[in-house]
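Contents: one structure, followed by commentary.
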There are 2 protein chains.
Amino acid sequence: MMTATATATTARTPIAATLLPPQRPAAGQSVVAQRIADTLRQLQEHVAITRRVLHAGDSLYQAGEDFGSLHVVHSGFFKTINQAADGREQVVGLHFKGDWLGFDGIAAGRYGCDAVALDTGEVWTLRYDALLAACARHAPLLGLLHEAMSREITRDRDSLLSLCTLSADARVADFLRYWAESMGQRGLRNDQITLRMTRAEIGNYLGMTLETVSRALSRLSRDKLIAFPERGRRDVSIPDVQALHAYVQRSLTPSTMLQ
Amino acid sequence: MMTATATATTARTPIAATLLPPQRPAAGQSVVAQRIADTLRQLQEHVAITRRVLHAGDSLYQAGEDFGSLHVVHSGFFKTINQAADGREQVVGLHFKGDWLGFDGIAAGRYGCDAVALDTGEVWTLRYDALLAACARHAPLLGLLHEAMSREITRDRDSLLSLCTLSADARVADFLRYWAESMGQRGLRNDQITLRMTRAEIGNYLGMTLETVSRALSRLSRDKLIAFPERGRRDVSIPDVQALHAYVQRSLTPSTMLQ
DNA sequence: CGGCAATTTGACTAGGGTCAATGGCCGTGG
DNA sequence: CCACGGCCATTGACCCTAGTCAAATTGCCG
């Protein structure tokens with residue numbers, strides 16, 4: 001269980017920084033990318049931030065640890081793992097740039113999940129009490145915080161919905177769609193994604209076994225919805241994200257469809 | 001689609017009410033019941049509340065409706081239903097006294113779920129902007145809000161975990177345990193609970209068919225973990241909540257166990 | 001090059017979905 | 001008051017999806 005070997009620097013920002021006008025939207029950037037840039041900028045200007053670089057496998061925090069800080073992904077990919085008292089273990093979330101981590105610790109006073117880096121990335125860590133103080137001085141921050149928590153709740157419910165209503169193949173397709181879409185929204189290329197998780201991890205996240213994940217990927221590849229460009233199987237090329245979405249939809253109609 | 005026929009009254013409370021010391025814990029009451037009483041008291045003292053009585057089937061709000069208010073269950077039972085664009089529909093949450101409703105609307109500006117009463121109950125509705133204003137005047141309110149959102153996230157993740165790691169029978173057992181435990185924490189009787197949902201609704205919530213729910217209940221009844229005291233099948237008597245918990249645990253060990 | 005983890009694929013099985021028949025409960029109306 | 005119809009629940013029979021077990025292959029890394 002390696003603990004994060006983190007390079008940490010503290011960025012103190014002026015307490016009552018002047019409120020700058022929102023950054024102009026860069027042409028072609030999605031509203032999500034814009035929102036994320038805006039969030040990071042506002043945090044940087046109004047809250048004391050500790051930056052931390054983590055590498056694949058490093059854990060940002062672990063379940064049971066005392067809660068004191070929230071975290072925002074600045075780059076890289078993270079997963080959160082929920083562990084039941086009896087040892088059951090489940091990947092409950094994937095987190096990309098702009099996503100917050102650690103909300104589950106607020107109520108309990110202790111983190112309820114492990115947060116683990118899937119590759120090299122940087123997180124910004126904010127002390128929760130400092131964040132609240134900053135919110136009191138600069139109200140828009142509170143809006144950002146609440147929206148992030150709200151999105152987290154919405155996202156979790158969408159996961160529940162997919163888990164309950166989709167077949168294994170469709171869940172895998174939906175997983176790829178979600179990942180690609182998240183990349184696209186953040187201005188990254190989404191026609192070719194690198195899965196930073198093993199089949200076992202993906203299966204755990206999607207509520208199926210690693211064999212089923214592998215078979216689903218093979219079927220999707222046979223149907224030309226995805227392709228494996230490299231000899232490695234971690235890179236997935238997605239010629240048409242829309243087609244993946246359509247595939248998920250199609251799998252919902254057991255009735256007389258084409259085919 | 002009947003809309004709530006609600007009796008609404010507005011309770012204006014003094015803007016800057018004196019902060020009272022937390023109510024003394026009544027002997028024998030759980031910390032959850034205490035927390036809920038405290039929350040309701042603080043809301044009553046510091047925020048403008050609209051009270052609303054709903055009856056079984058009434059909807060408190062519907063997906064797509066403009067978000068403007070959060071809601072707190074004062075009595076009764078509620079479910080939230082998530083609807084995908086393609087018509088998939090899924091019960092994503094059960095809500096008892098003290099639970100908040102509507103968090104998913106904050107980020108999107110629109111509610112993402114339907115909230116429906118499972119029987120007669122009362123909700124307190126707070127305008128979100130008024131709540132934020134009240135938080136600015138009385139900081140502890142903000143703590144309550146964040147804790148409630150945090151618990152919601154934790155709860156959703158626990159649902160995910162159960163859904164992915166438990167067998168159908170164990171999920172039904174865990175569902176009954178959760179319901180009974182929630183009742184107990186709120187000071188209500190938990191040796192006999194009345195399911196306010198049909199088998200189909202329970203199945204939808206647990207990600208299985210109504211037949212599987214029925215069979216699971218029959219098996220649990222055969223194993224004496226539950227009983228149907230009345231001729232009606234909506235009342236379930238639970239002689240020992242701990243035994244249900246043990247049953248869930250036991251189902252996790254496929255290895256050589258007693259039996 | 002060797003060892004090991006990750007992946008793929010096949011064969012088999014079982015848990016749970018689907019379809020169907022039956023019975024209880026209750027409201028409505030003759 | 002009783003008959004009827006609708007909804008809900010239960011149970012059985014059957015089948016399919018996905019889990020389990022196993023073997024072979026590939027790629028990675030020391």
Side-chain angles (χ1 to χ4, degrees), chain A residues 55-57 88 90 118-119 162-176 194-223 226-236 251-256 259, chain B residues 56-57 88 90 118-119 162-176 194-223 226-236 248 251-256 259:
Chain A
H55 302 95
R88 280 177 295 158
Q90 164 80 26
L118 293 173
D119 72 341
S162 295
L163 214 51
C164 285
T165 59
L166 297 182
S167 71
D169 283 16
R171 288 213 292 284
V172 172
D174 200 52
F175 163 76
L176 294 172
T194 301
L195 299 179
R196 262 94 179 169
M197 309 162 74
T198 66
R199 302 291 187 257
E201 285 175 304
I202 296 171
N204 181 289
Y205 178 52
L206 298 176
M208 65 188 76
T209 60
L210 65 96
E211 291 96 331
T212 301
V213 174
S214 179
R215 278 187 251 266
L217 288 172
S218 296
R219 274 189 285 265
L220 290 172
S221 169
R222 245 196 303 287
D223 295 353
I226 62 172
F228 295 103
E230 312 282 326
R231 54 174 163 282
R233 305 123 305 193
R234 298 290 259 264
D235 285 310
V236 178
S251 76
L252 290 171
T253 67
S255 60
T256 48
Q259 161 58 260
Chain B
R88 279 178 296 157
Q90 165 79 25
L118 293 173
D119 72 341
S162 296
L163 214 51
C164 284
T165 59
L166 296 183
S167 71
D169 283 16
R171 288 214 291 285
V172 172
D174 201 52
F175 163 76
L176 294 172
T194 300
L195 299 178
R196 263 95 179 169
M197 308 162 75
T198 66
R199 301 290 188 259
E201 285 176 305
I202 296 171
N204 181 289
Y205 178 51
L206 298 177
M208 65 188 76
T209 60
L210 67 95
E211 292 95 331
T212 301
V213 174
S214 179
R215 277 186 251 266
L217 288 173
S218 296
R219 274 188 285 265
L220 289 173
S221 169
R222 245 195 302 288
D223 295 352
I226 62 172
F228 295 103
E230 314 281 328
R231 53 177 164 279
R233 305 123 306 194
R234 298 291 258 265
D235 285 310
V236 178
V248 174
S251 77
L252 290 171
T253 68
S255 60
T256 48
Q259 154 65 258

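In the text below, chain A, chain B and the rest are named by the order of the sequence lines, each starting its count at 1.
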Rounded distance [0.5 Å steps], CZ in A/R234 versus CZ in A/R196: 10.0 Å
Between P of C/dC12 and CZ of A/R215, the distance in whole Å: 13 Å
Separation of C/dG17 atom P from B/N204 atom CG, nearest Å, is 12 Å
Please determine if a side-chain N or O atom of B/S218 lies less than 4.0 Å away from the OP1 or OP2 oxygen of D/dT11. yes
For the pair made of CG in A/L210 and C1' in C/dA5, what is the distance, rounded to whole Å? 12 Å
Separation of C/dT7 C1' from A/R234 CZ (nearest whole Å): 10 Å
When rounded to whole Å, the CE to C1' distance for the pair B/M208 and D/dA18 reads 16 Å
Over all heavy atoms of both residues, which pair between B/F228 and B/D235 is shortest? Give the atoms and the distance, please. CD2-O, 3.5 Å
Sugar-phosphate, base or nothing in reach of A/G203, heavy atoms under 4.0 Å: nothing
Tell me which one of B/V248, B/V172, B/L206 satisfies side chain to side chain contact (heavy atoms under 4.5 Å, CB included) with B/L166. B/V248
Start with the C-alpha gap between B/L217 and B/I226, add the side-chain angles, then the distance that decides, and say whether side-chain contact (heavy atoms from CB on, under 4.5 Å) holds. CA-CA 8 Å; B/L217 288 173; B/I226 62 172; 3.9 Å; yes
Does the A/S214 side chain pair with the main chain of A/L210, one donor and one acceptor, at a distance under 3.5 Å? no
Kindly indicate whether the side chain of A/R219 and the base of C/dT9 share any N or O donor-acceptor pair separated by less than 3.5 Å? no
Base of C/dG16, side chain of B/R171 - is there a donor-acceptor contact under 3.5 Å? no
Would you say A/T212 places a side-chain N or O within less than 4.0 Å of OP1 or OP2 belonging to D/dG19? yes
Is the distance from OP1 or OP2 of D/dT10 to the nearest side-chain N or O of B/R199 less than 4.0 Å? yes
d(CD, B/E211; P, D/dC15) in whole Å: 17 Å
Distance in angstrom units between B/M197 CE and D/dC8 C1', rounded: 15 Å
Rounded distance (Å) that lies between atom P of C/dA5 and atom CD1 of A/I202: 19 Å
